[in-house]
Protein chains: 2
Amino acid sequence: MRAPTAQDRANASTLAATWLDSGGLRPTRQRLALAELLVGDGRDRHVTAESLFEAAAAAGQPVSLATVYNTLRAFCAAGLLAEVTVDGSRSYFDTRVDDHPHYFWEDEGHLSDAPNDAVRLAGEPKVPEGAEVARVDVIIRLRRRES
Amino acid sequence: MRAPTAQDRANASTLAATWLDSGGLRPTRQRLALAELLVGDGRDRHVTAESLFEAAAAAGQPVSLATVYNTLRAFCAAGLLAEVTVDGSRSYFDTRVDDHPHYFWEDEGHLSDAPNDAVRLAGEPKVPEGAEVARVDVIIRLRRRES
DNA sequence: TTAAGTGCAAATTATTTGCAGTAAG
DNA sequence: CTTACTGCAAATAATTTGCACTTAA
């Protein structure tokens, strides 16, 4: 937990720009702002449209809510983000796009990555005839233990 | 695939009534109708509010959509149904209430049970300190294989 | 210059709720 | 009788969309 230096900030911009570019997306002011919040520090992140909207505003880079939605969709379509369905009522977006398990903290409605070995899938899943696996979602729903 | 006999229908009513009773719910006309559609033939079923609403109407037992929603919630609260979150945009309800994996057919938006051994979870999932597992959701997302 | 991106406000979709009437225990 | 249940219509909440304006290439 170190305060970000000028160097860090420059780096975050570069990362964001590169990231957009790798998805073939135009680097507009609002996309750069959102991208920086998502991948600016190289750490994985889980956001909702609302949380990202607020984060952008808080960072002094306000982006309209509609654009946040459109942008998240665009990032997903470009393969830069993965949509994770856990809550039914809202969508979560994950900067980690490989297939991996998640923890969902039911009390706070918060999503986080689970270590790849949190569950071991022994062998390939059985697949019905004529179908192929698009993805296997594993959600470990947690609640705070009553002590 | 046999046409249901009078015997089958009588049986379905009994099953539905018993099922409601086991959840401590009053056997109203609309609940019985919905319960019968859900567990009347002893087979497991996956429905959405909309699909159940239509099924009831088609069966000559119309139930208002609001009541379908309220009833599905009541069945869940009573532990008679499990809510499965796969689609983000709509909720699915499963008559099988134990923890088991699902197939989700992305093309048709259709949910079905996967055999318990479709994926083998080797060992207990790792759980962060201070938390306990409420449930582990495993969704095998399928798409029709392009031949 | 031009197609893509943005931001409002209005539209949609799934779901919930208020409330007056109805039915189960 | 009394409380829970039902159904409509109106309210919500998350998300999408139409359209005039802006901007990256």
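Chain identifiers are assigned alphabetically (A, B, ...) following the order of the sequence lines, protein sequences preceding nucleic acid strands; residue numbering begins at 1 within each chain. Computation of the quantities below employed the complete heavy-atom set of this structure, encompassing side-chain atoms and omitting hydrogens, waters and symmetry-equivalent molecules.
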Taking salt bridge (charged side-chain N to carboxylate O under 4.0 Å, His left out) as the test, write out the residues that go with E108(A), two or more places apart.
R144(A)
If you look only at distance, which donor and acceptor atoms sit under 3.5 Å apart when one is on a side chain in residues 59-69 of chain B and the other is two or more places apart or in another chain?
{"unit_1": "Q61(B)", "atom_1": "OE1", "unit_2": "R29(B)", "atom_2": "NE", "d": "3.4"}
{"unit_1": "S64(B)", "atom_1": "OG", "unit_2": "T67(B)", "atom_2": "N", "d": "3.2"}
{"unit_1": "S64(B)", "atom_1": "OG", "unit_2": "T67(B)", "atom_2": "OG1", "d": "3.1"}

Which residues share a side-chain hydrogen bond (donor to acceptor under 3.5 Å, both in side chains) with D98(A), sequence neighbours left out:
R96(A)
Taking salt bridge (charged side-chain N to carboxylate O under 4.0 Å, His left out) as the test, write out the residues that go with E83(B), two or more places apart.
R73(B)
Distance under 4.0 Å to a non-hydrogen atom of chain A counts as contact; along DNA chain D, which nucleotides mark the start and end?
dA14(D) to dA25(D)
For E106(B), enumerate each residue passing the salt bridge (charged side-chain N to carboxylate O under 4.0 Å, His left out) test, keeping only those at least two apart in sequence or located in another chain.
R141(B)
By side-chain hydrogen bond (donor to acceptor under 3.5 Å, both in side chains), which residues pair with R90(B), not counting sequence neighbours?
none
Sequence neighbours excluded, the answer for side-chain hydrogen bond (donor to acceptor under 3.5 Å, both in side chains) partners of N70(A) is none
Looking at residues 13-35 of chain B, who's got a heavy atom less than 4.0 Å off DNA chain D?
R26(B), T28(B), Q30(B), R31(B)
Between the protein and nucleotides 18-22 of chain C, which nitrogen or oxygen pairs come in under 3.5 angstrom?
none

Enter the inter-axis angle for the ends of the helix from dT1(C)-dA25(D) to dG25(C)-dC1(D) (five pairs per end, rounded to 10°).
30°
Q61(A) CD to dT6(C) P, straight-line distance once rounded to whole Å:
13 Å
Protein-nucleic acid N or O pairs under 3.5 Å, nucleotides 10-14 of chain C:
{"unit_1": "dA14(C)", "atom_1": "OP1", "unit_2": "R90(B)", "atom_2": "NH1", "d": "3.2"}
{"unit_1": "dA14(C)", "atom_1": "O3'", "unit_2": "S89(B)", "atom_2": "O", "d": "3.2"}

Any luck finding a side-chain donor-acceptor pair between D137(A) and H102(A) under 3.5 Å?
no
